[in-house]
2 protein chains.
Amino acid sequence: MNRTVEVDLAKRSYRVEVQPGLLESVGRFVQSLPEVSSVAVVADSRVAELYGLSLQDALAQVDAPASMIPFPAGEENKTLSTCQGLFDKLFALRPPVDRSSLIVTLGGGVTGDIGGFLAATALRGIRFLQCPTTLLAAVDASTGGKTGVDHEAGKNLIGAFHQPVGVLIDPRCLRTLCPEELRSGLAECVKHAVIRSQDLLRFLEDRKADLLACNEEAMTELIAANVAIKAGVVAADETEQSLRAILNYGHTFGHAIEAEVGFGNMTHGQAVALGMVGANRVATDRGMLSSSTADRVESVLAGLGLATRTEAPDPDVIWDRMLHDKKTRKGRVKLVLPRGIGDVAICDDLTRSEVRAALEYLSGE
Amino acid sequence: MNRTVEVDLAKRSYRVEVQPGLLESVGRFVQSLPEVSSVAVVADSRVAELYGLSLQDALAQVDAPASMIPFPAGEENKTLSTCQGLFDKLFALRPPVDRSSLIVTLGGGVTGDIGGFLAATALRGIRFLQCPTTLLAAVDASTGGKTGVDHEAGKNLIGAFHQPVGVLIDPRCLRTLCPEELRSGLAECVKHAVIRSQDLLRFLEDRKADLLACNEEAMTELIAANVAIKAGVVAADETEQSLRAILNYGHTFGHAIEAEVGFGNMTHGQAVALGMVGANRVATDRGMLSSSTADRVESVLAGLGLATRTEAPDPDVIWDRMLHDKKTRKGRVKLVLPRGIGDVAICDDLTRSEVRAALEYLSGE
């Protein structure tokens, strides 16, 4: 069973392949690329331990030296200072890294973002291959070319658009995820369904048991369906000038809640799930979205084990965080609002009182 | 007197303006850009002291807040760690920097490179305007979109291609340059002449006294002529896949000599001047270039106050440095060799013994 999705970006086009056991075939893919002089695998310490040896085995058949450059696991290490450490290792490799070298990112979203940023900026840009090992990275971050690191002042404030030369997804890697990580990825799948696909929403309703059990066939279908949605949006708007912003559905509230609760105390997907419930509330209050559709989305989230209510964060603090989001321009807070499943609008006129009402709803008041 | 050069890069096209007193008009230019929410000026401590107030005066007419974010002067500070400090300042600005913000780089090559890299990676890329204040930056680095910082392992190893929205050059800024800095810029002018223009070489021969005296009219002509050459090459090959490599004439030997002597002990331009003499020697040894043309280039360099001989660096060390240059692929050292004025070839078969012979020549043996 395998699925392939094309990401159509003219000269920067590439394929996303989804197949159980694919990690063993990474060598074949690298061998098919033009002129690879050396390979550097970026992985965090935990993933390097779990899958590092398998990947190095797979790369042994490549006609170029491969090295592992690990970094300490954890979102708190997605910093410029970790990049400095990775550059030190990268530029100490022998033979020296050159413009024909390839970076392979093996891991979750943090690894893809930081390894992709390394590729974007080493020698002013070299190629990289994404091998996501979490559901969240597989269905979302690994496709689309957003790379970067966090800054004290906010997430992903430092980065670049840099497309990978390919994305290889092995659903078997997901078996080592803890339930929270799995659910975190499923939340982004609900996001894709609401912004783009009634079929995907039904799939999430019908197959929830298989998905929570990490069934290989269901996971392969799920990942391919999500990547297809993401790829379509990215192909239409690579650098987020317009349409791509719909992918931020659930993220305006989500980012602010995640930051307020403290990164690490809530998964990204859980925050986005709450963010979608908050955005839906704004949409129903505006009369854009029916209550029954909003309820249906909440049921899907709950069915996948995601919380749809949270302890009340201070609305003023959340509002202030939204004002400082990097997507906010001239004090106008952007928000993606659904009109129905597969149909969303981008607004930039969110008000403080709407935020207050949505948060009251989220806290079950 | 003013000169304008178009850099033709489709959607990323921009203009380079050269005019005495232009620094006073930076506000007018910024005001003409679409939707600028805030301006951050990146300058080193020395330039901030010399020109910071004039620029802030010029920006006072802009309908957006402008702030200065300085960093310590010196090539040794062109590092990721200086970027971290600049990001800290940038993200602490109020109102917060957003995707409509503009970075203005005011200074020499280091400032343009580091400020441009900041713009390339802040919020995954915002606009920037180059205001070079040295001849070297005016005739070379400010046009073309190469941005980045150094790493212990080599110069410019970390960076990105990111085009400015404009380049404003005020030749009056050059009056504060010390003679070494002026000559350093003139060396890159000789480079442009040899790779692309007999007219420019004659101009450098005929007007050398005016140029060394920083005559405004001569400087304006010189800068515009050089920018036009650079712009033509960049427009044909933005990301250095092929033609742009001719701009590295003099730089294979030059970089290695500069690194060996120790950055700061020799200007970049002086190293490039020696590098051109070395490359010319390889070319005459191969029978590609006539001795009379090589002699003429040496005379032009000497006439502009540049040394054409140096104490013998160890050929094995120089060769090893060349092998580790970021342009070297699979151990093949690239070298740009002139066949005549305005006509060069790119080779990647430089040998250790050719390097030895060229260095013997350079050391006057």
Side-chain angles (χ1 to χ4, degrees), chain A residues 11 35-38 64 79-81 83-101 113 117-118 120-126 145-154 156-162 239-241 320 323-332 334, chain B residues 11 35-38 64 79-101 113 117-118 120-126 145-154 156-162 239-241 323-332 334:
Chain A
K11 279 191 207 163
E35 204 195 343
V36 173
S37 57
S38 63
T79 62
L80 212 50
S81 138
C83 285
Q84 177 75 62
L86 284 169
F87 278 125
D88 292 347
K89 287 175 186 164
L90 186 68
F91 293 131
L93 294 179
R94 292 292 172 265
V97 61
D98 65 28
R99 287 178 180 170
S100 302
S101 297
D113 284 3
F117 186 60
L118 212 68
T121 56
L123 312 183
R124 293 203 188 91
I126 61 176
K146 280 193 178 179
T147 73
V149 296
D150 300 334
H151 183 270
E152 245 173 46
N156 299 318
L157 290 185
I158 302 166
F161 286 97
H162 188 58
T239 58
E240 196 167 327
Q241 303 300 309
D320 194 58
L323 280 177
H324 289 89
D325 188 279
K326 71 176 181 297
K327 285 166 182 106
T328 298
R329 288 201 203 193
K330 296 196 171 180
R332 296 180 74 85
K334 273 197 180 176
Chain B
K11 280 190 207 163
E35 204 195 344
V36 173
S37 57
S38 64
T79 61
L80 211 49
S81 139
T82 300
C83 285
Q84 176 76 61
L86 284 169
F87 278 125
D88 293 346
K89 287 175 186 163
L90 185 69
F91 294 130
L93 294 179
R94 292 293 172 266
V97 62
D98 66 26
R99 286 177 180 170
S100 301
S101 298
D113 283 3
F117 186 60
L118 212 67
T121 55
L123 312 183
R124 293 203 187 91
I126 61 176
K146 280 193 177 179
T147 73
V149 295
D150 300 335
H151 182 271
E152 245 174 46
N156 298 317
L157 289 186
I158 301 166
F161 286 97
H162 188 58
T239 58
E240 197 166 329
Q241 303 301 310
L323 279 177
H324 289 90
D325 189 280
K326 70 175 180 299
K327 285 166 183 105
T328 298
R329 288 201 203 192
K330 296 198 170 179
R332 296 180 75 86
K334 272 196 180 178

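Residue numbers begin at 1 in each chain, while the letters A, B, ... track the order of the sequences. What you see is a predicted model; the values in this text were computed from it and never measured.
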Student: Could you grab the distance from atom CG of L90(B) to atom CD1 of I158(A), nearest 0.5 Å is fine?
Tutor: 9.0 Å

Student: Given that the side chain runs from C-beta out, which part of S101(A) has a heavy atom under 4.5 Å from chain B: side chain, backbone, both or neither?
Tutor: neither

Student: Compute whether any side-chain donor of one residue and acceptor of the other, for D98(A) and S37(A), lie under 3.5 angstrom apart.
Tutor: yes

Student: When rounded to the nearest 0.5 angstrom, what is the spacing between OG1 in T82(B) and CZ in F117(B)?
Tutor: 12.0 Å

Student: Any idea which of Q84(A), E240(A), E35(A), K146(A) has the most non-hydrogen atom pairs under 4.5 angstrom with chain B?
Tutor: K146(A)

Student: What part of T328(B) lies closer than 4.5 angstrom to a heavy atom of chain A: side chain, backbone, both or neither?
Tutor: backbone

Student: Return yes if a side-chain donor-acceptor contact under 3.5 Å exists between H151(A) and D88(B), otherwise no.
Tutor: yes

Student: Which region of P96(A), side chain (C-beta onward) or backbone (N, CA, C, O), has a non-hydrogen atom less than 4.5 Å from a non-hydrogen atom of chain B, or is it both or neither?
Tutor: side chain

Student: Answer whether the closest heavy-atom distance between the side chains of N156(B) and D150(B) falls below 4.5 Å.
Tutor: yes

Student: Tell me, out of T239(A), T79(A), T121(A), V97(A), who's got the most heavy-atom pairs with chain B below 4.5 Å.
Tutor: T121(A)

Student: What part of T147(B) gets closer than 4.5 Å to chain A, counting heavy atoms only: side chain, backbone, both or neither?
Tutor: backbone

